[in-house]
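Take a look at the structure below.
It should be emphasised that the depicted structure is a prediction, and the values quoted were computed from it without experimental measurement. In what follows, chains carry the letters A, B, and so on, assigned in the order in which the sequence lines appear, proteins first and then strands, with residues in each chain numbered from 1.
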Amino acid sequence: MTPGGENPDWPPRPQRVESIFQKLGQLYPEARCSLDWRNPFQLLVATILSAQCTDKRVNRVTPALFDRFPDAASFAAVEPEQVEPYVRSTGFYRSKARHIVGTSRLLLERHQGHVPQSMEALLQCPGVARKTANVVLATAYGLNAGVTVDTHVRRLGNRLGLVTATDPARIEVELMALLPQSDWDLLSIRLIFHGRAVCKARRPACGRCGLADLCPSYAPEPVSR
DNA sequence: ATCCCGAGGG
DNA sequence: CCCTCTGGAT
């Protein structure tokens, strides 16, 4: 079966999505955003830092980072070079430092230093696209503006045959059409947890996957060497 | 399409 | 060594 291909013997896609969503809820009842944050601004910064980097490593740098730069005004007052040492271990540190300072300055100029509650406003921030905006809106404000499509959601969406597109923007549109808006954020979080724990990029653990009977990509695991 | 970037796993 | 980690900008 081609990835994303639809087996005619299987239930239609919306019905399978429902089954998968429910099953993931049983597997990860405590699933939630695993970034540490105290206010929407800290979450925004942490999410910018989480690009191509595990949340665990982000959580390792943010305490010292926010101790030195507690709010948007603190970041806005310095040059990116002064932020770099605090975020170096998260990778892409020059871009990330520049984005954090740039976003902080924009928030100060246009939003009194606060994080806006709209997708449109968030997308104006440097270093913020739909993935980051969706995380902040859903996690900090409880707003399901869209579906967060990161590397895990993309990979599992394709492997599970939930979506046919491979680019994040179209994947998001396809997923939004498959579930009620109230479930959008939870779907992303559950897929991310499953992607981290079982359906890993390199060596998916199909042998201990609770979605095996719902997955068109299920394959017996190779014998370990 | 390519670049940015470090750390950990296999 | 190579691949991957809650991407975004050019």
Side-chain angles (χ1 to χ4, degrees), chain A residues 24 28 30-37 40 42-62 64-65 80-81 83-106 119-140 144-160 162-163 165-172 175-176 184-207 221-225:
Chain A
L24 287 173
Y28 311 101
E30 307 298 315
R32 58 172 183 83
C33 175
S34 41
L35 291 169
D36 295 335
W37 56 283
Q42 289 190 356
L43 176 62
L44 174 57
V45 171
T47 308
I48 290 174
L49 290 175
S50 74
Q52 298 293 293
C53 173
T54 60
D55 286 8
K56 185 180 296 184
R57 186 171 303 108
V58 173
N59 291 338
R60 203 175 301 159
V61 309
T62 43
L65 178 68
E81 289 71 24
V83 176
E84 289 177 6
Y86 294 88
V87 302
R88 177 164 288 116
S89 66
T90 66
F92 296 161
Y93 65 92
R94 280 195 288 264
S95 307
K96 289 175 179 177
R98 181 165 20 94
H99 291 153
I100 291 168
V101 169
T103 287
S104 295
R105 290 175 177 169
L106 184 149
M119 174 66 70
E120 187 185 2
L122 281 169
L123 292 180
Q124 302 301 309
C125 301
V128 178
R130 289 193 62 88
K131 182 265 168 183
T132 299
N134 275 327
V135 169
V136 171
L137 289 172
T139 307
N144 281 297
V147 174
T148 299
V149 180
D150 59 21
T151 181
H152 292 300
V153 174
R154 182 178 64 177
R155 185 177 68 250
L156 270 68
N158 289 137
R159 283 180 178 170
L160 287 164
L162 301 181
V163 296
T166 54
D167 62 296
R170 291 185 189 177
I171 289 174
E172 183 179 359
L175 289 178
M176 287 191 289
W184 288 353
D185 182 51
L186 212 42
L187 172 70
S188 299
I189 291 177
R190 289 175 181 177
L191 287 175
I192 288 164
F193 267 67
H194 192 59
R196 283 205 290 242
V198 179
C199 194
K200 294 179 273 191
R202 190 90 68 98
R203 240 182 50 172
C206 295
E221 291 192 58
V223 182
S224 59
R225 288 172 286 105

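At a threshold of 4.0 angstrom between heavy atoms, the contacts of A/T132 are confined to the sugar-phosphate backbone, with no base atom among them. Heavy atoms of A/P168 sit nowhere under 4.0 angstrom from any nucleic acid atom. Nucleic acid contact class of A/V149 (heavy atoms, under 4.0 Å, all strands): none. Nucleic acid contact for A/S50: sugar-phosphate only, since backbone atoms but no base atoms lie under 4.0 Å from a heavy atom of the residue.
For A/Y86, the ring-ring contact (aromatic ring centres under 6.0 Å, His included) partners at least two apart in sequence or on another chain are A/F69. Among residues two or more places apart in sequence or in another chain, the side-chain contact (heavy atoms from CB on, under 4.5 Å) test is passed with A/V198 by A/Y28, A/H194, A/A205, A/R208, A/C209. Every side-chain contact (heavy atoms from CB on, under 4.5 Å) that A/Q42 has, sequence neighbours left out, goes to A/W37, A/R38, A/N39, A/F66. The side-chain contact (heavy atoms from CB on, under 4.5 Å) search around A/A121 returns A/H111, A/P116, A/S118, not counting sequence neighbours. Not a single side-chain hydrogen bond (donor to acceptor under 3.5 Å, both in side chains) links A/T166 to another residue, sequence neighbours left out. A/R130 pairs by the salt bridge (Lys or Arg N to Asp or Glu O under 4.0 Å) definition with A/E172, not counting sequence neighbours. Not a single side-chain hydrogen bond (donor to acceptor under 3.5 Å, both in side chains) links A/R57 to another residue, sequence neighbours left out.
Of the residues in residues 188-201 of chain A, A/I192, A/R196, A/A201 come within less than 4.0 Å of DNA chain C through at least one heavy atom, sorted by number. Proximity of residues 86-99 of chain A to DNA chain B (heavy atom under 4.0 angstrom from any strand atom) is restricted to A/R88, A/S89, A/G91, A/F92, A/Y93, A/R94, A/S95.
Where DNA chain B meets chain A (any atom under 4.0 Å from a heavy atom), the bounding nucleotides read 5' to 3' are B/dC4 to B/dG9.
Each salt bridge (charged side-chain N to carboxylate O under 4.0 Å, His left out) pair with one or both residues in residues 93-104 of chain A, not counting sequence neighbours, would appear here, but there are none. Sorted by first then second residue, the salt bridge (charged side-chain N to carboxylate O under 4.0 Å, His left out) pairs that include residues 145-154 of chain A, not counting sequence neighbours, number zero.
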